[in-house]
Amino acid sequence: MHEVFQRPEHIPLWHDAARGRPMDWAFLYRDYTATLDWPGAAFWSPLSRRFPDALVVLSMRDSTEWFRSLDATINELMMRRPQASTRAWYAMVHDLLKSTFAPFPVGKQAAVEAYNRHNAAVQAATPPDRLVVWQPGDGWEPLCSRLGLPVPPEPFPHLNTTDDYREILDGLPGRRWRWRLQRGR
């Protein structure tokens with residue numbers, strides 16, 4: 001999503017993809033060598049068909065921990081009232097999540113079921129020679145091994161924590177997050 005914040009001209013393209021309209025993936029990714037997280041992960045299947053030599057990295061974690069993170073970030077985001085400057089972005093995210101995952105805010109059972117369906121679908125559809133199943137604690141080794149690259153000397157970065165996410169979103173126009181007050185925490 002960070003790149004979408006940086007390239008607002010891509011919002012209509014992602015919105016079109018969420019609505020099932022044909023997407024020129026080569027055009028959208030012309031300046032990139034990889035994609036990760038949302039919104040690209042929502043379109044792993046057409047992207048893997050369009051880029052048949054690319055590896056598919058499936059990042060997996062405990063579904064309860066994953067939901068806890070989702071609830072404290074994406075669910076919170078989707079409860080915000082968008083300002084005029086962010087309405088197109090919110091509409092795109094809403095449609096993206098609804099069409100490729102589940103309507104938001106999503107409850108734990110529905111989210112965990114969607115998460116497990118997604119992981120099973122990726123594993124079933126991706127040939128083993130293209131699939132890397134990776135967990136956050138795995139570090140550099142499995143990724144570097146599959147890419148044929150040396151393991152960097154620095155520790156694997158720990159990014160996109162809930163606090164990191166909240167800090168980024170606090171910079172967006174609109175109300176600042178009121179996490180504990182809004183959710184009774």
Side-chain angles (χ1 to χ4, degrees), residues 1-60 66-67 69-122 125-126 159-162 164-179 182-183:
M1 282 295 187
H2 176 75
E3 285 297 315
V4 179
F5 294 148
Q6 302 302 314
R7 295 187 180 217
E9 69 275 12
H10 285 185
I11 291 172
L13 301 174
W14 287 112
H15 209 162
D16 283 348
R19 293 172 174 157
R21 294 183 181 138
M23 176 61 63
D24 183 349
W25 296 112
F27 172 78
L28 186 63
Y29 281 98
R30 70 188 177 281
D31 296 329
Y32 301 95
T33 57
T35 186
L36 62 122
D37 208 355
W38 287 81
F43 300 98
W44 66 271
S45 183
L47 286 169
S48 69
R49 286 191 305 272
R50 175 60 182 90
F51 302 103
D53 296 330
L55 288 178
V56 176
V57 178
L58 177 60
S59 175
M60 294 180 61
W66 171 82
F67 177 76
S69 173
L70 172 96
D71 192 43
T73 56
I74 304 298
N75 268 348
E76 293 283 347
L77 170 66
M78 296 314 293
M79 290 189 314
R80 286 177 85 175
R81 182 183 320 161
Q83 302 299 307
S85 61
T86 60
R87 281 195 187 110
W89 184 86
Y90 270 85
M92 179 269 304
V93 171
H94 182 270
D95 284 353
L96 232 172
L97 294 170
K98 182 175 68 175
S99 69
T100 62
F101 188 70
F104 273 73
V106 64
K108 182 177 181 179
Q109 182 177 344
V112 168
E113 288 172 2
Y115 178 76
N116 290 333
R117 271 193 316 273
H118 168 80
N119 289 342
V122 173
T126 307
L159 302 172
N160 295 328
T161 65
T162 300
D164 292 339
Y165 188 89
R166 289 173 178 169
E167 185 177 317
I168 290 167
L169 292 176
D170 275 344
L172 293 176
R175 292 182 301 174
R176 295 187 61 83
W177 295 93
R178 304 227 191 279
W179 300 97
Q182 285 180 352
R183 301 287 299 219

Margin query: Whether the side chain of R30 engages the backbone of F27 through a donor-acceptor N/O pair (distance < 3.5 Å, no angle test) should be reported.
Written below: yes
Might you point out which heavy atoms bring [X] and [Y] nearest each other, and give the distance in Å?
X	Y	value
V56	S48	CG2-CB, 4.0 Å
L13	M23	O-CE, 2.6 Å
G40	L47	O-CD1, 3.4 Å
A125	W44	CB-CH2, 3.7 Å

Could you tell me the separation between the [atom1] atom of [X] and the [atom2] atom of [Y], rounded to the nearest 0.5 Å?
X	Y	atom1	atom2	result
H10	D16	NE2	CG	12.5 Å
L70	K108	CG	NZ	12.0 Å
F67	E113	CZ	CD	12.0 Å

Item checked: From F51, F43, Y32, residue fulfilling ring pair (Phe, Tyr, Trp, His ring centres under 6.0 Å) relative to W25 -> F43
Check: Got a sec: does the CD of Q109 have more than 12 other heavy atoms crowding it under 6.0 Å?
Finding: no
Margin query: Could you go through D31 and R7, starting from their C-alpha distance and side-chain angles, then the distance that decides it, and tell me whether this counts as side chain to side chain contact (heavy atoms under 4.5 Å, CB included)?
Written below: CA-CA 12 Å; D31 296 329; R7 295 187 180 217; 3.1 Å; yes
